[in-house]
Amino acid sequence: MAKHYPPGPEGDFIFGNIRQFAADRLRFVTENHEKYGNLVHAQFFNRDVYLLYNPDDIHYVLVKAADKFHKTPLLKKATQMALGNGLLLSEDAFHKRQRKLAQPAFHLQRIANYADVMVAYTERMLDGWQQGEQRDIHHEMMKLTMEIVAKTLFDADVSQETDSIGEAITTAIELASARMGRPFALPLWIPTPNNTASKRAVAVVDERIQRIIAERRANPEDQGDLLSMLLLAKDEETGDFMNDKQVRDEAMTLFIAGHETTANALAWTLYLLAQHPDVEAKLMAELDTVLAGRSATMQDMRQLTYTDMVVKEAMRLYPPAWIIARSAMEDLEIGGYPIAEGSVIMISSYALHRDPQYWDEPERFMPERFAAGWDDRVPRYAYIPFGGGPRVCIGNSFATMEAVLCLATIMQRCTLSLLPGQHITPEPLITLRPDPAIEMRIQIRERELLPV
């Protein structure tokens with residue numbers, strides 16, 4: 001009996017649609033939605049793949065039936081060497097326990113204490129910028145957010161190592177992303193050039209994380225940060241503490257994910273502002289009114305409404321986590337179609353955020369669409385820059401505050417312009433990075449021009 005599938009693209013007899021996906025991932029998730037609707041069937045080798053674009057179906061997968069879906073084996077194979085069994089990849093009861101242990105570090109009252117660090121580190125970065133000089137703004141944001149996450153979550157200073165660690169993370173992400181799009185990938189234990197490069201890159205970051213953990217083990221006083229919580233957390237049932245491997249996996253996951261995504265969001269925001277002087281002018285007016293030349297604080301967040309709208313709109317157009325993939329753990333049904341156990345579900349926030357069903361002029365950079373009441377006008381799961389449900393990004397409030405405060409601090413001090421002749425495109429790796437570098441010219445705003 002023939003299987004009952006929703007419509008979708010034709011593929012190769014052996015490879016299915018994997019080569020089409022690997023050739024242009026963003027085109028694959030957007031064009032198939034345009035051609036085939038809100039539920040699309042594809043095939044990667046002999047694996048059924050379903051692309052979801054209906055917010056109700058997305059709610060079902062991420063929230064209502066979240067326990068029936070796991071992270072995909074392909075993602076785990078590609079990233080487990082770096083992330084181990086940390087929050088991004090762990091499942092079921094173990095994931096719930098680890099998330100419960102880490103959650104207090106991201107409670108609103110605690111992240112409020114991080115605000116001063118975010119602003120101070122951004123100001124320190126700006127102090128090193130000179131009038132008229134050229135900067136790779138994505139690289140600058142990567143260094144900044146890496147230093148912030150190391151200080152706030154681990155009370156560690158990585159300022160002298162950001163270049164080497166950043167280069168290693170870039171290599172690891174690029175190779176893991178390539179591995180996920182390759183028809184055949186050799187096991188990581190085989191010493192191919194790519195596998196060797198992956199291991200070497202992970203080792204650079206791993207060594208720094210292990211050193212941070214060892215230093216804290218030697219001085220176990222509670223610092224009140226995430227690392228202290230992980231080291232002092234005790235299992236309520238067994239009374240056991242986390243071993244070094246568990247602490248390492250959680251610290252590694254939160255260190256990489258905690259700076260990578262926000263850095264991309266900030267880089268894309270600055271890129272968009274440089275092309276939209278009208279939006280930039282409104283943003284500057286708000287900063288001059290609310291801050292009047294002083295440093296931003298946590299208390300300013302409520303008044304920096306347009307700044308927040310700018311960040312939200314940038315993450316709509318260029319969501320750092322551009323795709324979510326899940327593997328069905330049992331037979332079930334979505335949108336009236338049977339979904340077999342082992343099928344892969346793909347939810348692209350990039351495609352969803354540009355869907356004209358939910359967004360007027362979806363390709364236009366228009367922060368005003370996020371004015372008060374926007375969430376009453378747009379279906380809840382049509383905007384998912386942080387995912388949703390029980391596996392929603394644990395650091396979403398942290399990342400939002402960081403993006404708003406860092407952006408406010410940068411734009412109060414500088415105007416950034418794109419160097420001419422650049423052609424920047426989104427590169428859909430595990431995160432959505434700009435390709436190539438975003439080269440921008442720095443213009444320092446004169447202090448005397450700011451309101452007193």
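The basis for the numbers below is simple: all heavy atoms, side chains too, and nothing from hydrogens, waters or symmetry mates. Position 1 is the first residue of the sequence, and the numbers go up from there.
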Under a 3.5 Å distance rule, please check whether [X] uses its side chain to pair with a backbone N or O of [Y] as donor and acceptor.
X: R391; Y: L88; result: yes
X: R316; Y: F365; result: no
X: R47; Y: V344; result: no
X: E147; Y: V158; result: no
X: S349; Y: A321; result: yes
X: S228; Y: D222; result: no
X: Q246; Y: N243; result: yes
X: R110; Y: L226; result: no
X: S177; Y: I430; result: yes
X: D308; Y: L304; result: no

Surrounding [atom1] of [X] (heavy atoms of other residues, nucleotides or ligands, distance under 6.0 Å), is the total greater than 12?
X: L108; atom1: CG; result: no
X: R217; atom1: CZ; result: yes
X: N46; atom1: CG; result: no
X: E10; atom1: CD; result: no
X: D92; atom1: CG; result: yes
X: K71; atom1: NZ; result: yes
X: E363; atom1: CD; result: yes

Hey, does [Y] have a side-chain heavy atom less than 4.5 Å from the side chain of [X]?
X: L317; Y: H353; result: no
X: I148; Y: C406; result: yes
X: T262; Y: F398; result: no
X: E140; Y: L270; result: no
X: R208; Y: F255; result: no
X: F15; Y: F21; result: no
X: V40; Y: P9; result: yes
X: V311; Y: F370; result: no

If only side-chain N and O atoms count, and only distance matters, is there a donor-acceptor pair under 3.5 Å linking [Y] with [X]?
X: D249; Y: Q98; value: no
X: R433; Y: T170; value: yes
X: N264; Y: H138; value: yes
X: E260; Y: T431; value: yes
X: S159; Y: D157; value: yes

For the pair Y53 and H33, name the ring-plane relationship: parallel under 30°, tilted 30 to 60°, perpendicular over 60°. parallel
Y271 and W268 aromatic ring geometry - parallel, tilted or perpendicular at 30°/60° bounds: perpendicular
From [atom1] ([X]) to [atom2] ([Y]), nearest 0.5 Å:
X: Q303; Y: D300; atom1: CD; atom2: CG; result: 6.5 Å
X: Y5; Y: S343; atom1: OH; atom2: OG; result: 7.0 Å
X: D435; Y: I424; atom1: CG; atom2: CD1; result: 8.0 Å
X: H41; Y: H4; atom1: NE2; atom2: NE2; result: 12.0 Å
X: R380; Y: H59; atom1: CZ; atom2: NE2; result: 8.5 Å
X: L39; Y: L52; atom1: CG; atom2: CG; result: 5.5 Å

I'd like to know if [X] pairs up with [Y] as an ion pair, taking the criterion as any Lys NZ or Arg NE/NH1/NH2 lying under 4.0 Å from an Asp or Glu carboxylate oxygen.
X: K151; Y: D155; answer: yes
X: D206; Y: R248; answer: yes
X: E313; Y: R364; answer: no
X: R216; Y: D225; answer: yes
X: E207; Y: R211; answer: yes

Got a sec, which pairs hit ring pair (Phe, Tyr, Trp, His ring centres under 6.0 Å) with one end in residues 70-112, sequence neighbours left out? none
Per the salt bridge (charged side-chain N to carboxylate O under 4.0 Å, His left out) rule, which among R97, K68, K76, K96 passes with E91? K76
Name all residues meeting the salt bridge (Lys or Arg N to Asp or Glu O under 4.0 Å) criterion together with E330; count only those two or more places apart in sequence or in a different chain, and write none if there are none. none
Nearest heavy atoms of [X] and [Y], plus distance in Å:
X: L352; Y: I58; value: CD2-CD1, 3.7 Å
X: A328; Y: I339; value: CB-CG2, 4.5 Å
X: L51; Y: A42; value: CD1-CB, 4.3 Å
X: V202; Y: A172; value: CG2-CB, 4.4 Å
X: S198; Y: L175; value: OG-CD1, 3.3 Å

Between Y358 and W374, does the ring centroid distance fall short of 6.0 Å? no
Do Y50 and Y337 have ring centroids that are under 6.0 Å from one another? no
I want to check a possible cation-pi pair here: R27 against Y350, using under 6.0 Å from ring centre and within 45° of the ring axis as the test. no
Matching residue for T307 among E286, K282, K312 - test: side chain to side chain donor-acceptor pair (under 3.5 Å): E286
Sorted by chain and number, sequence neighbours left out, side chain to side chain donor-acceptor pair (under 3.5 Å) with D57 holds for none
